[in-house]
Every structure is written in structure tokens, then in C-alpha cells.
Amino acid sequence: MKLNLLSCDAQRPDKRAIARCVSEIAINVSDSLANEITEILLEGDAVAIEIADNNTASTLRALRKLGIDYEIVE
């Protein structure tokens, strides 16, 4: 499944937690790439990632908990 991470609405976003979440849920994303994705997201730009189809509900719940707005592409 493909997601567009649109923005982060958290008042004080936790960069480390967001990067860890992205590296755990996204397919073929290393820790360093997850850090870059987090920086791009927090600057206000949308980022596309691909996630595994298993445990989709828990993945989306984790993103909502971090204050990340997303859009399901596929």
C-alpha cells in the first residue's frame, strides 16, 4: 500500500519517534533515509512511502498518534 505523508500537526513533533516509526513501517527505508524523510515532512513537504499490507490498521494508528496527516494512494 502506498501512502503520502502530508504534514505533521503535532505541537512539538518528536523527530526521533517519527523517524523510528517511518523506518519500521516503510518498505526498504533505512534509518538514515527515515531521518531524511522526517526532516522533509517537518519542513512541510509531502513524502510518499510504501508500507506492507499486513497490520495496516496499526500502522495508520501509529501515524495518527504522532500527529501525521496521510493520504492513502493505493
Interatomic spacing from [atom1] in [X] to [atom2] in [Y] - rounded to 0.5 Å:
{"X": "I25", "Y": "T56", "atom1": "CD1", "atom2": "OG1", "value": "10.0 Å"}
{"X": "N4", "Y": "Y70", "atom1": "CG", "atom2": "OH", "value": "12.5 Å"}
{"X": "D14", "Y": "C8", "atom1": "CG", "atom2": "SG", "value": "9.5 Å"}
{"X": "L41", "Y": "E36", "atom1": "CG", "atom2": "CD", "value": "13.5 Å"}
{"X": "I27", "Y": "E50", "atom1": "CD1", "atom2": "CD", "value": "4.5 Å"}
{"X": "L42", "Y": "T38", "atom1": "CG", "atom2": "OG1", "value": "6.5 Å"}

Looking only at heavy atoms, which two atoms of [X] and [Y] are closest? And how far apart?
{"X": "S30", "Y": "S23", "value": "O-CB, 4.3 Å"}
{"X": "M1", "Y": "D53", "value": "N-OD1, 3.0 Å"}
{"X": "A34", "Y": "A19", "value": "CB-O, 3.3 Å"}

According to a 4.5 Å side-chain heavy-atom criterion applied to Ile, Leu, Val, Met, Phe, Trp and Tyr, with indirect links allowed, do I37 and L66 form part of one hydrophobic cluster? yes
L5 side chain reached by I40 side chain, heavy atoms, under 4.5 Å: no
Residue of the set I51, I68, I18, D69 for which side chain to side chain contact (heavy atoms under 4.5 Å, CB included) holds with L63: I68
Given side chain to side chain contact (heavy atoms under 4.5 Å, CB included), test N35 with E39 step by step and report yes or no. CA-CA 6 Å; N35 288 328; E39 289 296 325; 5.8 Å; no
Kindly indicate, with the supporting measurements, whether the criterion side chain to side chain contact (heavy atoms under 4.5 Å, CB included) is fulfilled by R61 and S58. CA-CA 5 Å; R61 187 172 36 253; S58 61; 3.6 Å; yes
Determine, stepwise, if the pair I72 / L3 fulfils side chain to side chain contact (heavy atoms under 4.5 Å, CB included). CA-CA 5 Å; I72 300 173; L3 293 178; 3.6 Å; yes
